Protein chains: 2
Amino acid sequence: MSEAAPGLRAEELGAYFALVEVSNLLQYAVDEHLRVDGALSYVQFQVLARLVDSPEGKLRMTDLADGVVYSRSGLTYQAGLLDKRGLITRSPSPDDERSVIVAVTDAGRDLVAQVLPGHVDRVQHLLFEALTADDVAALNSVLGKIRDHMRAAPPRSAKPRARRNQAG
Amino acid sequence: MSEAAPGLRAEELGAYFALVEVSNLLQYAVDEHLRVDGALSYVQFQVLARLVDSPEGKLRMTDLADGVVYSRSGLTYQAGLLDKRGLITRSPSPDDERSVIVAVTDAGRDLVAQVLPGHVDRVQHLLFEALTADDVAALNSVLGKIRDHMRAAPPRSAKPRARRNQAG
DNA sequence: TATTGTTATACTCTATAACTATA
DNA sequence: TATAGTTATAGAGTATAACAATA
């Protein structure tokens, strides 16, 4: 594609390839760590982390699906696995009988606590070890810009901005 | 994790989250486009693109696995799909009878040509539309630094730097 | 023996659609 | 009718291990 990239200048192409490669390598390293150290997939880790990070350690299924960007059935599946392992509990919401409240258990908190240092360590090591403070600032700024842009401007094709996981 | 991230400063944490989110959103958009426009997974697209980009339009399975970072059986599976669709051919290497030479067919080239503009368009739109030239330069520079670092410094755990896909 | 690649197999993940129950 | 969630099911992708063939 070196020559066949109309619309992307060399520098952009380079940045694109670097982004894909970096995130693939990072994802691979992080996935492996979570799997080995905590028997968790990244999605499962995200779910637990969000719960731990929430004020009361509980969120509705919908909130979780919103955050993790996941199909509802996929989330049910993952929640089932976490439930089976005693890392979360699920109970009907008192406010809205349709909703399910997911709560981290102590075991879930322990597992996150066990896994988080190594996780952070990997990220620190892989992503930031070689960077100056200025690099980090620049990266943060530019990626933030891109993220805001992506959120605001869905692909031209786009559906009415609906979440990806909406029944069929 | 807002408070529970020892070893990662706020700015680093922000950059990490932004990276994950940006690459997820990009991946999702790009995957969807390739699937809708060319019935290709990203891996399949990468394989075809590498072949198109190679001097003679042919590479050994091993070269492809190296580039795409893939297990050998996984590559065989994907190559099987591409072969079945007439997008590549596979033939024994004259040099080394163990090797298999994968070659893009005209249909494969056509498909890449058909899909590439839209692909580049998505990337341009999602990733670069909101950026200044300086932003792109900074992104390219910092991500390049990270990539080089990642390649040079595998995770501490690491095996002898071997490729990930080495028999068992 | 080491390398290249395929095959068999089993497992994980994800999406779709049908369904229940509540709002 | 719309929303929240589950279940059944089917398909894609991936990894592992056993295997065959060549170096």
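Here the structure is a predicted model, which means the values were calculated and not measured. Residue numbering restarts at 1 for every chain, and letters A, B, ... go by the order of the sequence lines.
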**Q** A:Arg98 or A:Thr76: which one's nearest nucleotide on DNA chain D is closer to the 5' end?
**A**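 It is A:Arg98, whose closest nucleotide lies nearer the 5' terminus.
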
**Q** Please determine whether the number of non-hydrogen atoms from other residues, nucleotides or ligands lying under 6.0 Å from atom NZ of B:Lys58 exceeds 12.
**A** no

**Q** Would you classify B:Ser93 as touching base, sugar-phosphate or nothing, given that sugar-phosphate means primed atoms plus P, OP1 and OP2, and contacts are heavy atoms under 4.0 Å?
**A** nothing

**Q** Base, sugar-phosphate, or nothing: which does B:Ile101 touch, judged by heavy atoms less than 4.0 Å apart?
**A** nothing

**Q** Measure CG/B:Asp31 against C1'/D:dG13 and give the value in whole Å, please.
**A** 12 Å

**Q** Quick one: do A:Arg50 and A:Asp53 make a salt bridge, cutoff under 4.0 Å?
**A** no

**Q** Rounding to a whole Å, what distance do you find between A:Leu34:CG and C:dC13:P?
**A** 12 Å

**Q** What residue among A:Leu81, A:Val112, A:Leu111 forms side-chain contact (heavy atoms from CB on, under 4.5 Å) with A:Leu87?
**A** A:Leu111

**Q** Please confirm whether the backbone N or O of B:Gly86 pairs with a side-chain atom of B:Thr105, one donor and one acceptor, at under 3.5 Å?
**A** yes

**Q** Please confirm whether the shortest side-chain N or O distance from B:Arg90 to OP1 or OP2 of C:dT6 is below 4.0 Å.
**A**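 Yes, such a contact exists.
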
**Q** Taking the nucleotide of DNA chain C with the nearest heavy atom to each, does B:Asp96 or A:Ser73 sit closer to the 5' end?
**A**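 On the 5' side of the pair lies B:Asp96.
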
**Q** Could you tell me how far apart A:Arg85 (CZ) and C:dT12 (P) are, to the nearest whole angstrom?
**A**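 Going from A:Arg85 (CZ) to C:dT12 (P), I get 12 Å.
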
**Q** A:Leu40 has an atom CG; how far is it from atom P of C:dC13, in whole Å?
**A** 10 Å

**Q** What's the NZ-C1' distance between A:Lys84 and D:dT7, to the nearest Å?
**A** 13 Å

**Q** Would you say the side-chain atoms of B:Ser93 and B:Asp96 include a donor-acceptor pair closer than 3.5 Å?
**A**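 Note: B:Ser93 and B:Asp96 side chains miss the donor-acceptor criterion.
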
**Q** Starting at CG of A:Asp95 and ending at P of D:dT3, how long is that distance when rounded to a whole Å?
**A**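 One finds 19 Å between P of D:dT3 and CG of A:Asp95, rounded.
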
**Q** Quick check: any donor-acceptor pair below 3.5 Å linking the side-chain of A:Arg72 to the base of D:dG5?
**A**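 Flag set: donor-acceptor pair detected.
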
**Q** Could you state the atom-to-atom distance from CD of B:Glu97 to C1' of D:dA20 in whole Å?
**A**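 Answer to the nearest Å: 14 Å.
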
**Q** Over how many whole Å does the gap from A:Leu75 atom CG to C:dC13 atom P extend?
**A**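 For the pair A:Leu75 CG and C:dC13 P, the rounded distance is 13 Å.
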
**Q** Which one, D:dA12, D:dT6, C:dC13, comes nearest to the side chain of B:Tyr77?
**A**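 Of the options given, the side chain of B:Tyr77 lies nearest D:dA12.
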
